[in-house]
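Only one structure is covered here, and it is reproduced in the block below.
Naming: A, B, ... by sequence-line order, numbering from 1 per chain. All values derive from a computational prediction rather than experimental measurement. When reading the values below, keep in mind they use all heavy atoms of this one structure, side chains included, and skip hydrogens, waters and symmetry mates.
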Number of protein chains: 2
Amino acid sequence: MGRHREFDMEKVLDAALCVFWRKGYEGASYADLTEAAGVERPALYSAFGNKEALFRRALDRYSERYLDYLPEALKLPTSRQVAAHILYNAVDLNTRFPNHTGCLGINGAVAGSDETEPVRQALIDFRAAGQAQLHERFERAKAEGDLPETVNTEALAAFVMAMTHGMAVQAKAGFSRDMLNAVADQALSTWPAKSS
Amino acid sequence: MGRHREFDMEKVLDAALCVFWRKGYEGASYADLTEAAGVERPALYSAFGNKEALFRRALDRYSERYLDYLPEALKLPTSRQVAAHILYNAVDLNTRFPNHTGCLGINGAVAGSDETEPVRQALIDFRAAGQAQLHERFERAKAEGDLPETVNTEALAAFVMAMTHGMAVQAKAGFSRDMLNAVADQALSTWPAKSS
DNA sequence: CCAATTTCATAATGATCGTTATTAAACCAC
DNA sequence: GTGGTTTAATAACGATCATTATGAAATTGG
């Protein structure tokens, strides 16, 4: 019994996601969030809890809705294809929406006040999870002979992630899609080949 | 005439720089700044102006005190040495101080509220200036035959900068110096050789 | 030594922050 | 329909934000 909820929680979450994506965790105020969502403050609190909980829900939704290219990439046959798929899709995602360029995993919080520390750590974990999957995939590639025995797969995964982070910063700075694709080309230009 | 200033402006500026370096522009409050500097609020305002002006002064000082490796790098004989000098020195700077890891150019502001927009833009310009110098140096390298005629020097400069940005994010996330050096190794292994 | 001037420290400014009482409206079971 | 329950909207909460009056302390020129 009781009154029915009048708003669509998914739409509200999408609106909040866009605000966080654009302004980051600390830069997004409840005034921004409620305006974007078209809902009053208490509705956000009753539906999602506090700001940190809302951000975590938005981050989850970000994974589900926009990062499907990551599991896709891991299924590709060669490590180079995996990396290329990730980098070019990251460029696409980082430049597709003029209202929120870059990546939530970076824009969300790189540095901030002590109060934002749990969110900053959540984003560190979020990025580390992607890197771990990539690392694992590269280990498999090494076992399959797709990568040389000498390669440092952990560093290689960190390198690919560093590229996505760096391009996300550049996308947020207004770099064009073409420019970022050229940067990705460069990153892939001499992928470690199985020498001998 | 009049009373003398009792604090050292350079030391106060250094203290403010460390706070911004650690918490970013938006995450650094005057409570943080005054505590670190050991001076009261009105002293900061009378000496530097408002928060934005203080940040800009801190950014200038950051360039002078910590980014001397950039002009050093540009003087090196080959483009590969230039890039290597930049990347390894960036790793060193990003991991040298446990209290403020990463890079002010990134930690300062990637995303934020609308109020922080001028500072965000100043950091974009700051990073663009470094990239432009690098681009120019690579153009010279091409003219000297150090780089192939076919290379996209703008994308190459953007690639090196993307690496520094990405590694700065990772340094702020707690990556070790050794790990980041391995990432830099990887970035340089993709360096374009003058084929044939 | 006095007057003018500058810096200092204390404390207050209005605004905005994230978070909730509070009350009216809408719904279901009975 | 009526009572119990959930949501909606208004408005307020204390805390903190960046910024600044205010007045005492300190210094120099006359």
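- In this model, no side-chain donor or acceptor of Arg3(A) finds a partner on the base of dT6(D) within 3.5 Å.
- Look at His4(A) and you won't find any side-chain N or O under 4.0 angstrom from OP1 or OP2 of dA25(C).
- Rounded to whole angstrom, the span from the CZ atom of Phe7(A) across to the P atom of dA9(D) amounts to 10 Å.
- The distance from atom CD of Glu115(A) to atom P of dG14(D) is 18 Å, rounded to the nearest whole Å.
- Remark: aromatic rings of Tyr66(A) and Phe97(A) are close, center separation under 6.0 Å.
- Put simply, NZ on Lys51(B) and OH on Tyr45(B) are 8.5 Å apart, with the number rounded to the nearest 0.5 Å.
- Remark: P of dC17(C) and CG of Leu33(A) are 10 Å apart, rounded to the nearest angstrom.
- Considering only the side chain of Tyr45(B), dT19(D) comes nearest among dA9(D), dT19(D), dC8(C).
- Taking only side-chain atoms of Ser29(B), from C-beta outward, the nucleotide of dT20(D), dT10(D), dC17(D) with the closest atom is dC17(D).
- A heavy-atom distance below 4.5 Å is found between the side chains of Leu87(A) and Met163(A).
- When rounded to the nearest whole Å, the span between CG of Leu44(B) and P of dT7(C) equals 14 Å.
- Judged by closest nucleotide on DNA chain C, Gly2(B) is the one of Arg5(B) and Gly2(B) placed further toward the 5' end.
- Between Glu6(B) and Asn50(A), the one whose closest nucleotide on DNA chain C sits nearer the 5' end is Glu6(B).
- The separation between Leu54(B) atom CG and dC17(D) atom P is 15 Å, rounded to whole Å.
- Separating the CZ atom of Phe55(A) from the C1' atom of dG18(C) is a distance of 16 Å, rounded to the nearest angstrom.
- Residue Ala43(A) is the one, among Asp32(B) and Ala43(A), whose nearest nucleotide of DNA chain D lies closer to the 5' end (criterion: closest heavy atom).
- With dT19(C), dT19(D), dT6(D) as the candidates, the nucleotide lying closest to the side chain of Arg41(B) is dT19(D).
- For Tyr30(A), whose side chain is taken as the heavy atoms from C-beta onward, the closest listed nucleotide among dT20(C), dT20(D), dG18(C) is dG18(C).
- Taking atom CG on Asp8(B) and atom P on dC8(C), their separation rounds to 12 Å, with Å as the unit.
- If you measure from atom NZ of Lys51(A) to atom P of dT20(C), you get 14 Å, rounded to the nearest angstrom.
- Looking only at side-chain heavy atoms (C-beta outward), Tyr69(A) and Leu93(A) come within less than 4.5 Å of each other.
- Here the CG-CG distance, from Asp92(B) to Leu180(B), works out to 11.0 Å after rounding to the nearest 0.5 Å.
- Residue Ala47(A) is out of contact with every strand shown, counting any heavy-atom pair closer than 4.0 Å.
- Distances were taken from every side-chain heavy atom of Pro42(A) (C-beta onward) to each of dA21(C), dA18(D), dC28(C); the shortest belongs to dA21(C).
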